[in-house]
2 protein chains.
Amino acid sequence: MALEPDQSAPGPAGTERGAALYRKVAADLREAITTGAFGEAGRLPAEGALAEQYGVSRGTVRQALAVLRSDGLVTSRRGTRRVVLGNARVQSFSELLSFTHWARSMGEEPGGILDSLVRRPADAAEREQLRLEPGAEVYAIVRLRTLSGAPVMVERTVYPPRVGELVAELPADVVSHTEQLREHGILFTDADHTIDVVAANAEDARLLGCRRGSPLLRERRRTTDPTGTPVEWSQDRYLPGTVAFSVHNSLATSALSRHARDSD
Amino acid sequence: MALEPDQSAPGPAGTERGAALYRKVAADLREAITTGAFGEAGRLPAEGALAEQYGVSRGTVRQALAVLRSDGLVTSRRGTRRVVLGNARVQSFSELLSFTHWARSMGEEPGGILDSLVRRPADAAEREQLRLEPGAEVYAIVRLRTLSGAPVMVERTVYPPRVGELVAELPADVVSHTEQLREHGILFTDADHTIDVVAANAEDARLLGCRRGSPLLRERRRTTDPTGTPVEWSQDRYLPGTVAFSVHNSLATSALSRHARDSD
DNA sequence: TAGTGGTCTAGACCACGCT
DNA sequence: GCGTGGTCTAGACCACTAC
């Protein structure tokens, strides 16, 4: 019942992918949970038992369980075994940030029709979001995103100069800006999202083929790189019925908030 | 520079509230970060330095930092010091679940106008969400929620019998069902949220005073207790411009997903 | 190469849920 | 009272960043 014993040749052992032990344990437990090995709402083995089973320390087991906990797969409470919560639909960070990656993960064909790309002075809100000095410029891009040819979302992204220069040089038919940026060494590691409803403006209506004033689901997102520097400030507006956002949270970890009003 | 040395009398030491050491460290660091002690995008001291400073082990410091990490306050990367990310607006789990608690935290006066409360057989979707057997009954409640008297949201909550019986016995003018349930020993510890846009139906229009077909921000939520048993399945519909939801996530912890379509 | 966070271990004690 | 997860310690080694 031990972990896959790294059956690669004696070579550079552990040079595999998601190397960390606790990730392997987490992956194995996730598999067991989703295939129903512990039952619908069953109890997991004790941490000590799992540690022995996998041949690792209890600390490592706890690290693995923390992953499943934050994914909403299991509960945790002092005094009782952990309980299977549900088959949480997990999504990687990059599937969430990249429309292209997301579409492909569903087997759909993503498209991006460039509407405009300009370099211009940043306004006050943009300067604050991207942490730029007064007088700084930004690259502003408007694109219509499609799934299998059908309009789904209007994407308005503002990049700081360093990033925008890279995007501006991409061929107009490149679908995934995010992937291109990654290949140029721009990393996305943290994001703040705000979700609400807005009425379509004239441009939205023209691009999406809806009526002006009709409702759209809006996601605003500020993304930063590993050094904490903002690399993207985007506002996406979806046609109703095309997407929904879902979040899991708990007493222990609550990354979701509800806010009054709507500072634009 | 040590932690507040638990200056209570020798009595039952540590019987305070948020007792855990790492929580005190986290609270102290959060304070330092939000008051700008490390600068706008500054670097934190090394884990070892913090451990010495607080007189705790490195493991405890790491536990504290993990809290701030998941709140989106700091980054973390192998090889470099942690960086201050931003002043994340944090919200407690109960502020998120309870309209009443949320409203009061903003200094507004919450209201709840009961529209209907019925006991009836659960439909298929409700049975699945609340994990009930075929033929089971539920309590279904529709309420108009207000802030300072103004309509904000229509709340449609379905409770399993065990919980619904308690709610049904509450006086009609009780504002916070959540708080009452907590006092009856019903605990809310985990929740799954799905956020999207829908058109107002006739009932929504009547209660909210909007037109039929006008857009509403919808939050559907399934809440469970510490044993993993569903205790609530709610569908809240907000007037546009009254609220927004926000989430922080990162490569390390991603509790947010985007989904196609919209299974009702 | 020095410093940093990431991972892992082994052990200890405690608070809590149950029976 | 027993078993459980929660907290904390002390130490070790590694992978990565930055100089």
Side-chain angles (χ1 to χ4, degrees), chain A residues 3 6 12-27 29 42-52 54-69 74-85 185 187 189 225-229 250-253, chain B residues 2-3 6 12-27 29 42-52 54-69 74-84 185 187 189 225-229 250-253:
Chain A
L3 292 176
D6 231 334
T15 316
E16 301 299 306
R17 330 114 282 144
L21 242 185
Y22 77 90
R23 289 185 186 279
K24 294 183 192 166
V25 174
L29 286 172
R43 288 155 76 232
L44 262 61
E47 293 175 357
L50 289 172
E52 193 171 0
Y54 285 109
V56 301
S57 76
R58 190 181 154 217
T60 299
V61 167
R62 283 182 60 77
Q63 227 175 329
L65 289 169
V67 174
L68 305 182
R69 175 90 182 94
V74 300
T75 65
S76 67
R77 207 168 39 133
R78 202 178 338 223
T80 67
R81 296 266 185 89
R82 291 168 191 269
V83 172
V84 173
L85 255 189
L187 299 177
T189 58
D225 71 12
T227 70
T229 307
S250 71
L251 252 182
T253 71
Chain B
L3 293 175
D6 232 334
T15 316
E16 301 299 305
R17 324 117 288 139
L21 242 185
Y22 77 90
R23 289 184 187 280
K24 295 182 192 168
V25 175
L29 286 173
R43 288 153 78 231
L44 261 63
E47 293 176 357
L50 289 172
E52 192 172 0
Y54 285 109
V56 302
S57 76
R58 190 182 153 214
T60 299
V61 167
R62 283 183 59 78
Q63 227 175 328
L65 289 169
V67 174
L68 305 184
R69 175 92 185 94
V74 300
T75 65
S76 66
R77 205 168 42 131
R78 198 172 348 215
T80 67
R81 295 265 184 90
R82 291 169 192 268
V83 172
V84 173
L187 299 176
T189 58
D225 71 11
T227 71
T229 307
S250 70
L251 252 182
T253 71

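The structure displayed is predicted, hence computed values, not measured ones. Order of the sequence lines fixes the chain letters, A, B, ..., with proteins taken first and strands second; residue numbering starts at 1 for each chain.
Here the P atom of nucleotide D:dT9 and the OH atom of B:Tyr22 are 13 Å apart, to the nearest Å. The distance from atom CG of B:Asp225 to atom P of C:dG17 is 13 Å, rounded to the nearest whole Å. Atom pair A:Leu50:CG and D:dT4:C1' shows a separation of 12 Å (rounding to whole Å applied). We find that CD of B:Glu52 is positioned 12 Å from P of C:dT4, with the value rounded to whole Å. Rounded to whole Å, atom P of D:dG6 lies 13 Å from atom CG of A:Leu251. Here C:dG11 presents its P atom at 17 Å from CD of A:Glu47, a figure rounded to the nearest Å. To the nearest angstrom, C1' of C:dG6 lies 15 Å from NZ of A:Lys24. Atom CG in B:Leu187 sits roughly 9 Å away from atom P in C:dG17 (whole-Å rounding).
Distances were taken from every side-chain heavy atom of B:Arg77 (C-beta onward) to each of D:dA18, D:dG5, C:dT9; the shortest belongs to D:dA18. With distances taken from any side-chain atom of B:Arg78 to the nucleotides D:dA18, D:dG5, D:dC16, the minimum falls on D:dC16. Taking every side-chain heavy atom of A:Val56 into account, C:dT9 is the closest of C:dT9, C:dG5, C:dC8.
Using a 4.0 Å cut-off, no side-chain N or O of A:Arg69 falls inside it from OP1 or OP2 of D:dG6. For C:dT7, neither phosphate oxygen OP1 nor OP2 lies less than 4.0 angstrom from any side-chain nitrogen or oxygen of A:Thr60. A sub-4.0 Å separation between OP1 or OP2 of C:dG17 and a side-chain N or O of A:Arg82 is absent.
Looking at A:Thr75, its side chain does come within 3.5 Å of a backbone N or O of A:Val83 through a donor-acceptor pair. Listed for the B:Arg43 side chain is no donor-acceptor partner under 3.5 Å among the backbone atoms of B:Arg82.
One distance of note links CZ of B:Arg58 with CG of B:Leu50; it measures 11.0 Å at 0.5 Å rounding. Here CG of B:Leu187 is found 9.5 Å from OG1 of B:Thr227. Values are rounded to the nearest 0.5 Å. In this structure, CZ in B:Arg62 is found 8.0 Å from OG in B:Ser76, a value given to the nearest 0.5 Å.
For A:Arg58 against D:dG6, a side-chain N or O and a base N or O form a donor-acceptor pair under 3.5 Å.
Among the heavy atoms of the strands lying under 4.0 Å from A:Arg62 is at least one base atom, whether or not backbone atoms are also near.
Comparing A:Gly79 and B:Thr80 against DNA chain C, the residue whose closest nucleotide sits nearer the 5' end is B:Thr80.
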